[in-house]
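Not measured: the values here are computed from a predicted model. Every chain is numbered from 1, with letters handed out A, B, ... down the list of sequences.
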2 protein chains.
Amino acid sequence: MNKTVSDIASLKIVSPPVTLREIALERMRDAIISGLFAPGQRLVERTLCDQLGVSRSVIREVIRHLQAEGLVDIAKQGPVVASMDWHGARQIYDIRAALESSAVADCARAADIETKDKLRLVLDELDQNSRRNEPPTVLDVTTRFYEIIFAAAGHDIAWEIVSRLNSRISRLRVMTLSTTNRSVSGPAQLREIFAAIERNDPDAAAKACREHIAAAARLAESLLQKED
Amino acid sequence: MNKTVSDIASLKIVSPPVTLREIALERMRDAIISGLFAPGQRLVERTLCDQLGVSRSVIREVIRHLQAEGLVDIAKQGPVVASMDWHGARQIYDIRAALESSAVADCARAADIETKDKLRLVLDELDQNSRRNEPPTVLDVTTRFYEIIFAAAGHDIAWEIVSRLNSRISRLRVMTLSTTNRSVSGPAQLREIFAAIERNDPDAAAKACREHIAAAARLAESLLQKED
DNA sequence: CTCGATCATATGGTATACCATGATACCATC
DNA sequence: GATGGTATCATGGTATACCATATGATCGAG
C-alpha cells in the first residue's frame, strides 16, 4: 500500500448511482424507522407501488433488501413490518455494548488530534441541540459521534452491523432520547467517553461506553414494559 | 404461558414455503461460499438465469438479498462476488470474538443437563470426523456446536450476525480448518470451551473462546498473506 | 499506422402481464 | 340456524418485454 495507490483510490468517483431502487429503499427504510409504517403492518406490494409511484419489481427488490436487514418479516401471506419485543431489544443492546465498547477502545488507542477535534465539534453541536430538546436531531448527532469513532477505530464492518441494529430499535431510541432524564445524562455520558478517548485511555472509554448503553437499555426496558 | 397454550403453539404448521427464490438464494449462497463463484467474479444476471433455470426477477431479488448480506458487491457495471482482504477478515474475527465469547459466557451461566448432553454429542462427532480429516464436515459440526451455544444463551440475533459473517470468511475458514495443525488443536480448544460450560464457569469459557478465535485469526492471517 | 467516430451488442433498470394460491363472503342444504 | 361448499377477489410468484446506457469492435480518415 504505497502513496500512489491511495492517491489513485482517492480519485474514485463517489457518484451514488441514484437508481429508483435506491431511492425507494431509503424512503421505505425511513418510513419503517420513523414509525410511519407501524410494526406488524402488512406491506402490500401493489399498494406500495401506488404510494411510491414505482413498479412492483422495484418494490419487491426493496422488500428483499429490508428483509435481509431484519426490518421486514415475511409472514405466510406476505411481508410485514418487523416488530421488536424486549427479548430482541435486550439482545441488540448487548451486541451494541460489545461492539461499541470495542470500537471506542480501539479509537482511544488510535485517536489523533484530528479525530479528537471532530468529536469535540459534534459534542458541542449535541449540547446546543440538547438544550432545545429536539430528539430526532439528537439521535442524528449521536449517530455521527459514533460514526466518527468507528471510522477512527477502523471498524467499518462493525459499524455497518451497529447501524443496522440501531434501525431495528429506532423507535426505542427515539423514546429513550426524548425522556427528560436522558437529555441531561446522555450528553454527559458521551462527554465521559470523549474524555477517555482524549487522554487515550481505552479501558476507561470502554467502561464509560458500556455504562452509556446499559443506561439506555434500562430506560428502554421500562418504556417497553410500560407500553404493554 | 400454560401447558395447553404451548401444546397448541407446537401444532403450528412449520412448512417453509419452498419458493423458487428461496431455492435460488440457497444455491447462490452456497456457490459463493464454496468458492464456485470466485471473489471478484462478475454475476451476470442473464447468465445466472440460464445456469439456474429461473427468470431474471428471481435472480435479481436473490442478488438484492445477497447484497444486503454482504456476499455481493454492486460495482458500477453490476454485481460481483464480494472479496475479502485481511483488514476486513481481521474485523470479522474481532467481532466474532466479542459475540461468541459473550454467548459462550451466557451459555455457561444458563446451561442445563440437556444442553450439555447435546454439546457433548456434537463434540464426539467432531472427533470422529476430525480423524478422517474431512474439512467441510468439520466446519459443519463446528457450526452446529456454536449454534447450540447461541441458542442456549438466547442470543439468536447475535447468531444471525455471526452466521452471516462466517459466510463472508468461509473460504478462510475452510483453509484454516484444513491446516493439519488446526485439525488437532481445533477440537481441543472446543473441548476446553465445553469443559468450562460443563462446570458453569462463564469467565473461563469466554477466555477459551477468545483464544480459539485468536488462533483461527492468526492462521487466517498467515494464509491470506501467503496467498498474495 | 494510429486515432477517432459510429454502430452493434451486452447488460442492467423498469414496467407489465399472467398464473397459482389462499382468504373471505355468500349461498345452499341438512 | 349451523355447517360446508363454491365463487370471487386479493396477493404474491414468475416470466417477459422494453428501454437506456456503456463497452467494445470495426471502419474510415488523417
Worksheet item: Which residues satisfy the salt bridge (charged side-chain N to carboxylate O under 4.0 Å, His left out) test with A/Arg164, sequence neighbours excluded?
Response: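 Testing A/Arg164 for salt bridge (charged side-chain N to carboxylate O under 4.0 Å, His left out), a comparison that skips the adjacent residues, returns none.
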
Worksheet entry | Set of salt bridge (charged side-chain N to carboxylate O under 4.0 Å, His left out) partners for B/Asp50, sequence neighbours left out |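 Applying salt bridge (charged side-chain N to carboxylate O under 4.0 Å, His left out) to B/Asp50 gives none.
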
Worksheet item: Testing A/Leu48, A/Val62, A/Asp73, A/Leu66 for side chain to side chain contact (heavy atoms under 4.5 Å, CB included) with A/Leu43, which one passes?
Response: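 Of all the options given, the one that passes is A/Leu48.
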
Tell me every residue that passes side-chain hydrogen bond (donor to acceptor under 3.5 Å, both in side chains) with [X], counting only those two or more places apart in sequence or in another chain.
| X | value |
| --- | --- |
| B/Ser170 | none |
| A/Glu61 | B/Arg60, B/Arg64 |
| B/Ser83 | none |
| B/Glu147 | none |

Discussion item. What contact category does A/Arg46 fall into here, base, sugar-phosphate, or nothing, at under 4.0 angstrom with non-hydrogen atoms?
Written reply: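 Contact class for A/Arg46: base.
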
Item to complete: Measure from CG on B/Leu43 to C1' on C/dA10 and round the result to the nearest Å.
Response: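 One finds 16 Å between C1' of C/dA10 and CG of B/Leu43, rounded.
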
Item to complete: Name all residues meeting the side chain to side chain contact (heavy atoms under 4.5 Å, CB included) criterion together with B/Asp30; count only those two or more places apart in sequence or in a different chain, and write none if there are none.
Response: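 Per chain and number, B/Asp30 pairs via side chain to side chain contact (heavy atoms under 4.5 Å, CB included) with no residue.
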
Fill in: Whichever of B/Arg56 and A/Glu45 has its nearest DNA chain D nucleotide further upstream toward 5'
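The residue whose closest nucleotide sits nearer the 5' end is A/Glu45.
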
Worksheet item: From the 5' end of DNA chain D to its 3' end, which nucleotides mark the outer limits of contact with chain A, defined by a 4.0 Å heavy-atom distance cut-off (strictly under)?
Response: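 Contacts span D/dT11 to D/dT14, reading 5' to 3'.
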
Item to complete: Name every residue in residues 59-67 of chain A that has at least one heavy atom under 4.0 Å from any atom of DNA chain D, in order of residue number, or write none if there are no such residues.
Response: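 Listed by number, they are A/Arg60, A/Arg64.
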
